[in-house]
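Report on the following structure.
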Amino acid sequence: MRFASTRSAQLTATLAQAIVAGLAPDGGLYVPARLPAVPPGSASSLPETARHLLAAFFAGDELATHQEAIAHEALNFPAPLVPLGAGAAEVLELFHGPTAAFKDFGARYLSACLQRLEQGRAQAGRLTILVATSGDTGSAVAAAFHRRAHADVIVLYPQGMVSPRQEQQLTCWDDNVRTLAVRGTFDDCQRLVKAAFQDPSLRAVQRLSSANSINIGRLLPQTVYYAAASLQVWERTGQRASFIVPSGNLGNALACLWAREMGMPIEEIVLAHNANCTVPDFMASGQWRPRASVATLASAMDVGDPSNMERLLHLLPAIPARPARLSAYSISDAAIRARIAEDFRSYGRIWCPHTATAAEVYARLPAARRRSQQWVLVATAHPAKFSDTVEALIGREVPVPDTLAALFDRPRRVTEIEATLDALRGFLHLPCSSH
Ligand SMILES: *Cc1c(COP(=O)(O)O)cnc(C)c1O
């Protein structure tokens, strides 16, 4: 299969090339030239579902012979469907990986792909992966690449602007993972990463790559848990599953759309956004108006200009004009707080602030629509990652999963830098750039 840029159907790459490059040379995002039609098959494990669902993407690629091994290595933790309560929705728990958020699926899969690709490119020099993060991405990527032979990772986060527990998860690495606390905002971190990519002298001595959510190697594995969950619902009930997806950059939502377009038994897809309402406004008005992000309790979704929108706009003309099949809502911080407290009382479930947006959208559905479908709420992170918000609302401590507890025990290692390219160059032992 070939992958084309969203900006030019003629600009194509193999899967391996698209994964290594991240972004297409014209600044577009890579999308499959055509989404394959996959017969649904039967429900099974994540690696087995991946083998079936993703085979067409790997066909003819240099990674083809590794496809099974990559899935077994990366998708080695469960994504269980758990009932919420009698007669209510189910919850797809995506937080059982090493850093307790769904980004572990994509980060681990990308790392497993790059490891195999780098084995054949050793003479080209080591790869350095730069990641700007506002929280969950950086820790998932750090965990996925830690002590891997094929790449070094540099994580940049805005100093003082992540929660204490997120900071611990960003700074608890050693060996090939280094963390920079940037004296600036998340936008400064992103700007620095972009500047590094465009700096010719830096590129001459370092092979740089990125691991953000536009990389196709992070999107593909996310289609797998939607396929597996929808097939389980289909076999049990004979009905298609409808998913409510907490959304920011739209990577997770796009994976759900791709799974449906490939033929998985999925009915509605509902996007739950926080107060950053660019996408809900677009669905209501048809006007695409990206804007600056606003800070909310569901901080991993604080995105005013979602990077995957370009892929969504590319796909939309292919989706039959049945409005109910894709919709989007915006949920305020007050509603997130109230929903966390309410569902703990009603169901004994503790949501993270992101998952709470999906729970709130579910609660607001008209009763008839709620009853007529098999609803699945997508739980994107474990609430223990956001204990400072959640514990005050439910009046008790959130139990910490073992995987997270292990990270909390590790010593911290972090370097502070100014938000300038010269500071980053200095960290990399390169001379200052001439101005
Ligand atoms: C990243 C993230 C999201 C948003 O996912 P997108 O793919 O960017 O839409 C939602 N919840 C959590 C916990 C996240 O870390």
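For reference, positions follow the sequence shown, starting with 1. Both counts, for ligands and for their atoms, begin at 1 and track the order of listing.
Considering I340, V91, T355, I394 as possible partners of R349, the one that fulfils the side-chain contact (heavy atoms from CB on, under 4.5 Å) test is V91.
Classification of the W258-F57 ring pair by plane angle, with boundaries at 30° and 60°, yields parallel.
Aromatic ring centres of F58 and H66: separated by at least 6.0 Å.
S247 counts as a contact of ligand 1, since one of its heavy atoms falls under 4.0 Å from the ligand. Not a single heavy atom of F95 sits closer than 4.0 Å to an atom of ligand 1.
Among the atoms of C352, none of the N or O lies under 3.5 angstrom from an N or O of ligand 1. Where the criterion is an N or O separation shorter than 3.5 Å, residue side chain and backbone included, H354 fails it with respect to ligand 1. Between G251 and ligand 1, a contact under 3.5 Å exists for at least one N or O pair. Polar contact with ligand 1: present for G248 (N/O pair, distance under 3.5 Å).
In this structure, the protein non-hydrogen atom closest to atom 11 (N) of ligand 1 is T380 OG1, 2.8 Å. Ranking protein heavy atoms by distance to atom 7 (O) of ligand 1, first place goes to N252 N, 2.9 Å. Protein heavy atom at the shortest distance from atom 14 (C) of ligand 1 is K103 NZ, 2.8 Å. Residue, atom and distance of the protein heavy atom nearest to atom 5 (O) of ligand 1 are F102 CZ, 3.4 Å. The protein atom (non-hydrogen) at minimum distance from atom 10 (C) of ligand 1 is M301 CG, 3.5 Å.
The closest side-chain heavy-atom distance from P306 to V303 is below 4.5 Å. Between N76 and H72 there is no side-chain heavy-atom pair separated by less than 4.5 Å. A heavy-atom distance below 4.5 Å is not found between the side chains of Y30 and L15.
Other residues, nucleotides and ligands contribute over 12 non-hydrogen atoms within 6.0 Å of the CZ atom of R236.
Using a 4.0 Å cut-off between a side-chain N of Lys or Arg and a carboxylate O of Asp or Glu, R396 and E391 do not qualify as a salt bridge. At a threshold of 4.0 Å, the pair E73-R108 does not count as salt-bridged, since none of the basic side-chain nitrogens sits closer than that to a carboxylate oxygen.
Contacts between N249 and ligand 1, counted as non-hydrogen atom pairs separated by less than 4.0 Å, involve both the backbone and the side chain.
Which parts of ligand 1 touch A381 is read off a 4.0 Å heavy-atom cut-off, strictly below it: atoms 13 (C).
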